[in-house]
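What follows is a single structure, written as structure tokens, with notes after it.
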Protein chains: 2
Amino acid sequence: MTYTIKAVAEKTHLSIYTLRFYDKQGLLPFVSRNHAGYREFTDADLQLLHTITCLKNTGMKIADIRHYIDAVMAGPSTIPARQALLSAHREAILAAQQKIMANLKEIDFKLNIYNAPNAQQVITAERRYAKAEKIANGLPDPYPALT
Amino acid sequence: MTYTIKAVAEKTHLSIYTLRFYDKQGLLPFVSRNHAGYREFTDADLQLLHTITCLKNTGMKIADIRHYIDAVMAGPSTIPARQALLSAHREAILAAQQKIMANLKEIDFKLNIYNAPNAQQVITAERRYAKAEKIANGLPDPYPALT
DNA sequence: GCTTGCCCTAGAGTATTGTCTAGGGCTTAT
DNA sequence: ATAAGCCCTAGACAATACTCTAGGGCAAGC
């Protein structure tokens, strides 16, 4: 049993355009064509495509996914290379997560200010300070007067 | 005390190009110019720029950051709007994190296969299955013969 | 006064990742 | 045999976020 590109698009929530784009980028060398030149996806193809979307969803670039797929196509001798690729990507994901969480903490800090009962006063004081700093440095004040 | 664009670039690890680009995109309406038309950054400006980079680092688009900055410039009356913006962004970040962790789990699953002592056999069996599936469906086999 | 080293703007160019259009072919049902 | 509904490719277009170039101004030291 095989799947047309349309069926695959529906299953994966990728657009037909995206699937063809991925193929053009060399991500789908394992997808065969039938006698009419149409792509026919097998179940094993869907497995590989699933791996591709996992890599994409975790921020791997298409060029790097292609390297992984190239290794897959080359056969079992590239298992160490694939392992290295995925391990490095794993670390990159975790590092990115850490960075995002650190930034989120700062956003939460701002949110806490906005949520505090004295938010109005704190924000107003900040604004006054920023205005005063401009004046003190002989700069035009970019903050509009409050209505 | 104020900072030149070069000093700010060094402090923030953003390029001068990026800072000017952000200004062009309306992200830095609070940065004043001196008599020569040069940007002069105050400490309060750096604080706001820091917030901007937090939002950017967590995946907020420039257009959305601009909305937040617009609210900041409009004064304390927009505190509820800012709070809503940041809360929504906070949820978006957490949802994205969840998605990434789910995908990472699948990558880890693949890694475990590669790391297993019988990786060679498992991968070879998968490949044989994929080849057989192509043949069974009357499709050309895209997998090269192993050398 | 002239060089050096910053600063400016406008706008062109680049990288990435799609998305869509034009032109055309296969397959199935009528 | 023709219309409908898929499929194909090549290539144009688009959104995002920079990055750089050209051309020019200001400021400080020789």
Side-chain angles (χ1 to χ4, degrees), chain A residues 2-29 31-42 45 49 52-69 89 92 96 99 103 137-140 142, chain B residues 2-29 31-42 45 49 52-69 89 92 96 99 103 137-140 142:
Chain A
T2 61
Y3 307 86
T4 64
I5 196 170
K6 190 188 186 197
V8 175
E10 282 162 4
K11 277 175 104 79
T12 60
H13 305 294
L14 297 172
S15 74
I16 292 178
Y17 297 140
T18 298
L19 288 168
R20 287 206 270 246
F21 170 69
Y22 285 176
D23 199 3
K24 217 185 287 187
Q25 297 303 307
L27 260 46
L28 312 179
V31 176
S32 297
R33 306 298 186 101
N34 64 19
H35 74 94
Y38 294 8
R39 293 171 188 85
E40 279 195 30
F41 291 73
T42 62
D45 292 347
L49 183 52
I52 288 170
T53 59
C54 281
L55 295 175
K56 178 187 71 79
N57 288 341
T58 50
M60 189 182 281
K61 295 204 171 187
I62 286 180
D64 292 333
I65 300 176
R66 186 172 52 231
H67 293 145
Y68 175 74
I69 294 296
H89 183 54
K99 186 180 166 192
N103 281 280
N137 284 292
L139 297 170
Chain B
T2 61
Y3 306 86
T4 64
I5 196 170
K6 190 188 185 198
V8 174
E10 283 161 5
K11 275 176 106 79
T12 60
H13 306 294
L14 298 171
S15 74
I16 291 178
Y17 298 139
T18 299
L19 287 167
R20 288 206 269 247
F21 170 69
Y22 284 176
D23 198 1
K24 218 186 284 188
Q25 297 302 306
L27 260 46
L28 312 180
V31 175
S32 298
R33 306 300 185 101
N34 65 18
H35 73 93
Y38 294 8
R39 292 172 188 86
E40 280 195 29
F41 292 73
T42 62
D45 292 347
L49 182 53
I52 289 170
T53 59
C54 282
L55 295 175
K56 177 188 70 81
N57 288 341
T58 50
M60 189 182 281
K61 296 202 173 185
I62 286 179
D64 292 334
I65 300 176
R66 186 171 53 231
H67 293 146
Y68 176 74
I69 294 295
H89 183 53
K99 186 179 167 193
N103 282 279
N137 284 293
L139 296 171

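Each chain gets a letter, A, B and so on, in the order its sequence line appears, and its residues count up from 1.
At whole-Å resolution of the value, CZ in A:Arg33 and C1' in C:dC26 are 14 Å apart. Between the CZ atom of A:Phe21 and the C1' atom of C:dG18 there is a distance of 6 Å, rounded to whole Å. C:dA15 atom P lies 16 Å from atom CG of A:Asp64, rounded to whole Å.
A 4.5 Å side-chain heavy-atom check between B:Pro29 and A:Pro142 finds every atom pair outside the cut-off. Using a 4.5 Å heavy-atom cutoff, the side chains of B:Lys56 and B:Tyr22 are in contact.
In this view, B:Thr4 satisfies the side chain to side chain donor-acceptor pair (under 3.5 Å) rule with no residue, not counting sequence neighbours. Listed by chain and residue number, nothing satisfies the side chain to side chain donor-acceptor pair (under 3.5 Å) test with A:Arg66 (two or more places apart in sequence, or in another chain).
Listed by residue number, B:Ile5, B:Lys6, B:Ile16, B:Arg20 are the residues of residues 5-20 of chain B with a heavy-atom contact under 4.0 Å to DNA chain C. The stretch residues 55-63 of chain A touches DNA chain C through A:Lys56, A:Lys61, A:Ile62, each having a heavy atom within less than 4.0 Å of the strand.
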Report all interatomic pairs (protein N or O, nucleotide N or O of nucleotides 12-14 of chain C) with separations under 3.5 Å.
none

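B:Lys61 contributes atom NZ, which lies 13.0 Å from atom CD of B:Gln25 (distance to the nearest 0.5 angstrom).
Not a single donor-acceptor pair under 3.5 Å links the side chain of B:Asn137 to the backbone N or O of B:Leu139. B:Asp45 places a side-chain N or O within 3.5 Å of a backbone atom of B:Thr42 that can act as its donor or acceptor partner.
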Task: Worked verdict on A:Lys6 versus A:Glu10 for side chain to side chain contact (heavy atoms under 4.5 Å, CB included) - done: CA-CA 6 Å; A:Lys6 190 188 186 197; A:Glu10 282 162 4; 3.7 Å; yes
TODO: Carefully, step by step, assess B:Val31 and B:Leu49 under the rule side chain to side chain contact (heavy atoms under 4.5 Å, CB included).
DONE: CA-CA 10 Å; B:Val31 175; B:Leu49 182 53; over 6 Å; no
TODO: Let me see the working for A:Leu28 and A:Ile52 under side chain to side chain contact (heavy atoms under 4.5 Å, CB included), right down to the final yes or no.
DONE: CA-CA 9 Å; A:Leu28 312 179; A:Ile52 288 170; 3.8 Å; yes
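Nearest-nucleotide mapping onto DNA chain D: of A:Arg39 and B:Tyr38, the residue sitting toward the 5' end is A:Arg39.
Close approach of DNA chain D to chain A, defined as any atom under 4.0 Å from a non-hydrogen atom of the protein, starts and stops at D:dC6 to D:dG11.
OP1 or OP2 of C:dT27 sits under 4.0 Å from a side-chain N or O of A:His35.
Between A:Arg33 and B:Pro140, the shortest heavy-atom contact is O-CD, 3.4 Å.
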